[in-house]
Amino acid sequence: MLNIELKERTASHVSIYWNKTQDSEIKKLLPCAAGSEEEALAMFRQTLLPGAASYGRTIYCCDQYVGDIWCYGIDLKKERSAMVSYCIFEKQLWNRGIATSALGLFLQDIFTRYPLEKAGAFAYTQNPASIAVLKKQGFCFIEEFEEKGIVSQYLEYRPCSQASV
């Protein structure tokens, strides 16, 4: 069994992540808000400020840094929600259950850390593995849409105690 841990993100992790995710195959599967490594580092520094609207962790598998997981758009007032995203950048480790395990750990973390009622996630329809990860952790399909020629799905998660609300 693989040992999956979530650890603190640092600026050096952000740089490694940025460079690893410039891979053309990864870029086809994962939207990226940052246009440069410098922009990614600036976004990371924003997460360290009090009241930040995003929070992230690194994903380690058997003591090796293999990806990141984060939430953004944290809204604690109106929707009490956050959006979740993740990426395993070590492609030789894809389809081994790492993202599924990391997502389960991260959901526990953010629903303990923040008074959230739900978490949402977007996944490109052409990335069925990511959609499967979300569904395995209890995310439900809400809608499909097209943006900039790319078809995506929006899925949503509510903890068991919130499911009937």
Side-chain angles (χ1 to χ4, degrees), residues 1-10 13-14 16-34 40 43-44 47 54-75 79-145 150-165:
M1 178 167 226
L2 299 173
N3 178 32
I4 309 302
E5 296 177 276
L6 302 184
K7 297 184 180 184
E8 183 178 350
R9 288 177 82 219
T10 66
H13 287 113
V14 173
I16 292 166
Y17 179 85
W18 168 261
N19 288 295
K20 293 273 193 173
T21 58
Q22 296 314 294
D23 176 90
S24 61
E25 190 175 4
I26 292 173
K27 285 183 135 196
K28 287 182 199 173
L29 301 173
L30 181 73
C32 182
M43 291 169 71
F44 165 71
T47 70
S54 60
Y55 165 74
R57 305 291 282 167
T58 56
I59 302 169
Y60 276 74
C61 176
C62 302
D63 295 319
Q64 177 189 354
Y65 174 43
V66 299
D68 281 10
I69 189 163
W70 60 96
C71 60
Y72 59 96
I74 300 170
D75 173 4
E79 296 283 328
R80 294 179 46 131
S81 65
M83 296 299 295
V84 174
S85 195
Y86 49 85
C87 176
I88 304 299
F89 54 67
E90 296 296 348
K91 295 188 296 186
Q92 74 275 12
L93 296 176
W94 286 0
N95 299 311
R96 307 253 326 258
I98 297 166
T100 302
S101 295
L103 180 58
L105 293 170
F106 192 67
L107 289 170
Q108 289 174 3
D109 181 11
I110 64 172
F111 278 87
T112 301
R113 181 177 299 271
Y114 302 106
L116 300 173
E117 292 182 8
K118 63 183 177 179
F122 295 108
Y124 291 159
T125 300
Q126 69 186 21
N127 189 353
S130 187
I131 293 167
V133 165
L134 293 164
K135 288 182 175 180
K136 285 177 192 173
Q137 286 299 344
F139 280 74
C140 297
F141 173 84
I142 302 296
E143 68 176 328
E144 187 170 87
F145 61 95
I150 300 172
V151 179
S152 295
Q153 292 186 16
Y154 172 69
L155 297 96
E156 204 167 77
Y157 171 86
R158 292 178 185 261
C160 293
S161 62
Q162 298 292 328
S164 60
V165 175

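Numbering starts at 1 and runs along the sequence shown.
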Peer 1: Measure centre to centre between the rings of Tyr157 and Phe111, then say whether the value is under 6.0 Å.
Peer 2: yes

Peer 1: Going through the checks in order, is the side chain to side chain contact (heavy atoms under 4.5 Å, CB included) test met by Glu143 and Gln153?
Peer 2: CA-CA 6 Å; Glu143 68 176 328; Gln153 292 186 16; over 6 Å; no

Peer 1: When Phe89 is tested against each of Trp18, Trp94, Tyr65 for ring-ring contact (aromatic ring centres under 6.0 Å, His included), which residue passes?
Peer 2: Tyr65

Peer 1: Tyr72: what forms a side chain to side chain donor-acceptor pair (under 3.5 Å) with it, not counting sequence neighbours?
Peer 2: none

Peer 1: Within the side chain of Thr58, is there an N or O that forms a donor-acceptor pair under 3.5 Å with the backbone of Lys7?
Peer 2: yes

Peer 1: First locate atom CZ of Arg80, then atom OH of Tyr114, and finally report the distance between them rounded to the nearest 0.5 Å.
Peer 2: 14.0 Å

Peer 1: Just by distance, do the side chain of Thr47 and the backbone of Phe44 share a donor-acceptor pair under 3.5 Å?
Peer 2: yes

Peer 1: Measuring from atom OH of Tyr55 to atom CD1 of Ile69, what distance do you get when rounded to the nearest 0.5 angstrom?
Peer 2: 10.0 Å

Peer 1: If you look only at pairs with a residue in residues 62-75, which of them pass as a salt bridge (charged side-chain N to carboxylate O under 4.0 Å, His left out), with sequence neighbours excluded?
Peer 2: Arg9-Asp68

Peer 1: With rounding to the nearest 0.5 Å, note down the distance linking CD in Glu79 to NZ in Lys118.
Peer 2: 4.5 Å

Peer 1: Shortest non-hydrogen contact from His13 to Tyr60?
Peer 2: NE2-OH, 2.9 Å

Peer 1: Before you tell me yes or no, could you show the steps for Ser85 and Leu30 under side chain to side chain contact (heavy atoms under 4.5 Å, CB included), namely the whole-Å CA-CA distance, both residues' side-chain angles and the distance that decides it to 0.1 Å?
Peer 2: CA-CA 9 Å; Ser85 195; Leu30 181 73; 4.1 Å; yes

Peer 1: Side chain to side chain contact (heavy atoms under 4.5 Å, CB included) between Thr21 and Cys87: does it pass, once the steps are laid out?
Peer 2: CA-CA 8 Å; Thr21 58; Cys87 176; 4.0 Å; yes

Peer 1: What distance do Ser81 atom OG and Glu156 atom CD have between them, rounded to the nearest 0.5 Å?
Peer 2: 8.0 Å

Peer 1: Do you know which two heavy atoms are closest between Ser101 and Ile4, and how far apart they sit?
Peer 2: CB-CG1, 3.9 Å

Peer 1: What distance separates Asn3 CG from Ile98 CD1, expressed to the nearest 0.5 Å?
Peer 2: 10.5 Å

Peer 1: Shortest non-hydrogen contact from Glu117 to Pro159?
Peer 2: O-CD, 3.5 Å

Peer 1: Assess the residue pair Tyr86 and Leu134 against the criterion (side chain to side chain contact (heavy atoms under 4.5 Å, CB included)); give the C-alpha distance rounded to whole Å, side-chain angles, the decisive distance to 0.1 Å, and a yes or no.
Peer 2: CA-CA 10 Å; Tyr86 49 85; Leu134 293 164; 3.4 Å; yes

Peer 1: Kindly compute the distance separating CD1 (Ile59) from CD1 (Ile88), expressed to the nearest 0.5 Å.
Peer 2: 3.5 Å

Peer 1: Hey, does the side chain of Gln126 reach the backbone of Ile150 with a donor-acceptor pair shorter than 3.5 angstrom?
Peer 2: no

Peer 1: Taking all non-hydrogen atoms of both residues into account, name the closest pair between Ala121 and Phe139 and its distance.
Peer 2: CB-CE2, 3.9 Å

Peer 1: Which heavy atom of Ile110 sits nearest to which heavy atom of Cys71, and what is that distance?
Peer 2: CG2-SG, 3.9 Å

Peer 1: When you look at Trp70 and Tyr17, which way does the ring pair (Phe, Tyr, Trp, His ring centres under 6.0 Å) test go after all the steps?
Peer 2: CA-CA 12 Å; Trp70 60 96; Tyr17 179 85; 5.8 Å; yes

Peer 1: Scan for salt bridge (charged side-chain N to carboxylate O under 4.0 Å, His left out) pairs involving residues 82-94, sequence neighbours excluded, and state none if there are none.
Peer 2: Lys20-Glu90, Asp23-Lys91, Glu25-Lys91

